[in-house]
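All figures in this text were calculated on a predicted structure; none of them were measured in a lab. Proteins get letters first, then strands, A, B, ... in listed order; numbering begins at 1 in each.
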Number of protein chains: 2
Amino acid sequence: MSDQLSESVVASWARLARVSQGVLAAVEADLKTAGQPPLTWYDALLELKRVGEDGLRPAELQARMLLAQYNLSRLLVRLEQAGYVVRRPCPEDGRGQIVTITGAGRRLLPRMWRVYHSAIRAHFADKLTVAEAKTLGDLLGKITPG
Amino acid sequence: MSDQLSESVVASWARLARVSQGVLAAVEADLKTAGQPPLTWYDALLELKRVGEDGLRPAELQARMLLAQYNLSRLLVRLEQAGYVVRRPCPEDGRGQIVTITGAGRRLLPRMWRVYHSAIRAHFADKLTVAEAKTLGDLLGKITPG
DNA sequence: AGCGGATTAATGCATTTGCATCAAGATTGA
DNA sequence: TCAATCTTGATGCAAATGCATTAATCCGCT
């Protein structure tokens, strides 16, 4: 192909793109079928649950989720409308706000997880041994963008 | 977490989701910065180039690309408007059509590849040895949805 | 031949994303 | 001190995606 990337590396790249996209889509589809919100909601709420009462600044959450700023802004609107988070003004920074998970948000997590974990199993975990999954995770860890 | 998935498998899953999303986004961003069309265009045109003059039925292309039917339908509209493919009626099937890459489409591929391959290198290949990339590809191969 | 069901591709409408920009508040530095 | 700059988060508008449905055609069966 007149470049310095070996064929096999390009093939691995292509697989990463294709497989991850396919599996993600399959998991999302399972969630949707079960009447659950999209994965992004889970990710956001999980982060917020982890930090507890202190909550998070949107920019912080955005950084952890690798999400575009305007996407996070709108995700928060939806989460708030759904009653899963609250936003309050940030005392130290007049521009900012602090986002906290609500009780309803906490209760959503296990409900989503029930669907989510079996989707992970069906579309991902069942196809690998634990050792393989670990190797995969380690390799992926090396290519983390951050 | 009160389920049968081991922590490490869930962690690998999370990495797959996060890393692939991040890297894909980075590559897309590089393409956009260089004024090139999105990755999907490349994938579609590459498939069409491979099959040559015979072209492909949309349903066939859709299956190869793991794309929703309506998404492919609209992708083809855009590609045709841009002059990179042509659609002609299918002689054996009155419902169908045959999609073929044009000369302009063929010329687009190397132009995109110039940006694409260096994005792959920067965001993916440079972070792994060839052996690691191969292992990664093999592992991903085991979880192919299709 | 002709009906019932499946397949192919498109499309109207709602939601989501992307892009560019903006307003408000913080921070820096002369 | 206060203007210039940066950061934070929102938003108008355009493009893309998802969903449900549709029209046309094909196929299997009687």
Side-chain angles (χ1 to χ4, degrees), chain A residues 21-22 24-44 47-48 55-82 84-100, chain B residues 21-22 24-44 47-48 55-82 84-100:
Chain A
Q21 185 244 48
L24 260 301
V27 171
E28 285 281 12
D30 284 5
L31 281 169
K32 188 160 307 181
T33 299
Q36 298 291 331
L39 256 181
T40 328
W41 291 36
Y42 189 87
D43 293 341
E47 291 292 345
L48 290 172
L56 276 180
R57 301 284 300 267
E60 181 56 31
L61 189 51
Q62 175 199 337
R64 299 192 189 193
M65 296 182 63
L66 304 181
L67 215 59
Q69 183 270 320
Y70 49 83
N71 275 335
L72 180 69
S73 175
R74 277 150 172 168
L75 173 60
L76 289 177
V77 171
R78 286 171 221 140
L79 286 173
E80 183 169 54
Q81 274 172 357
Y84 297 134
V85 306
V86 287
R87 294 191 273 184
R88 58 186 152 86
C90 175
E92 297 119 25
D93 189 337
R95 299 162 298 182
Q97 49 193 245
I98 295 179
V99 183
T100 322
Chain B
Q21 185 245 48
L24 260 300
V27 170
E28 285 282 12
D30 285 5
L31 280 169
K32 187 161 306 182
T33 298
Q36 298 291 332
L39 256 182
T40 327
W41 290 38
Y42 189 88
D43 292 342
E47 291 292 344
L48 290 172
L56 276 179
R57 302 284 299 268
E60 180 56 32
L61 189 52
Q62 175 198 336
R64 298 192 192 193
M65 295 183 63
L66 304 182
L67 215 59
Q69 183 269 321
Y70 50 81
N71 274 336
L72 180 69
S73 175
R74 279 153 172 167
L75 173 60
L76 288 177
V77 171
R78 284 170 226 144
L79 286 172
E80 184 168 54
Q81 275 173 354
Y84 297 134
V85 306
V86 288
R87 294 191 274 185
R88 57 186 153 85
C90 175
E92 298 119 25
D93 189 336
R95 299 163 297 183
Q97 49 192 243
I98 295 180
V99 184
T100 321

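B/Trp41 is listed as a side-chain neighbour of B/Arg78, based on a closest heavy-atom distance under 4.5 Å.
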Item to complete: Given side chain to side chain contact (heavy atoms under 4.5 Å, CB included), test A/Val99 with A/Glu80 step by step and report yes or no.
Response: CA-CA 9 Å; A/Val99 183; A/Glu80 183 169 54; over 6 Å; no
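Residues B/Cys90 and B/Ile98 come closest through the heavy atom pair CB-CG1, 4.0 Å.
Applying the 4.0 Å criterion to OP1 and OP2 of C/dG18, one finds that B/Lys32 has every side-chain N and O outside that range. Between D/dG9 and A/Arg87, no contact under 4.0 Å exists linking OP1 or OP2 to a side-chain N or O. At D/dA10, one or more side-chain N or O atoms of A/Ser73 fall inside 4.0 Å of OP1 or OP2 (strictly under the cut-off).
Taking atom CD of B/Glu60 as the reference point, atom P of C/dT8 lies 10 Å away to the nearest angstrom.
For A/Ala59 and B/Arg74, each mapped to the nucleotide of DNA chain D holding its nearest heavy atom, the one lying further toward the 5' end belongs to A/Ala59.
Below the 3.5 angstrom threshold, one finds a donor paired with an acceptor across the side chain of A/Gln69 and the base of D/dA10.
Backbone-only contact: B/Arg57 has heavy atoms under 4.0 Å from sugar-phosphate atoms and none from a base.
In summary, A/Glu60 and A/Arg64 engage in a salt bridge, as defined by a charged side-chain N under 4.0 Å from a carboxylate O.
Each of C/dT17, D/dA10, D/dG18 was ranked by its minimum atom distance to the side chain of B/Tyr70; first place goes to D/dG18. Closest to the side chain of B/Asn71, from the set D/dG9, D/dT17, C/dT8, is D/dT17.
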Heteroatom pairs (N/O) under 3.5 angstrom, protein to nucleotides 2-7 of chain C:
| unit_1 | atom_1 | unit_2 | atom_2 | d |
| --- | --- | --- | --- | --- |
| C/dT7 | O2 | B/Arg95 | NH1 | 2.4 |

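In this structure, the side chain of A/Thr33 engages the main chain of A/Ala29 through a donor-acceptor pair within 3.5 Å.
Just one residue in the list A/Arg87, A/Arg88, A/Arg57 forms a side-chain contact (heavy atoms from CB on, under 4.5 Å) with A/Gln97, and that residue is A/Arg87.
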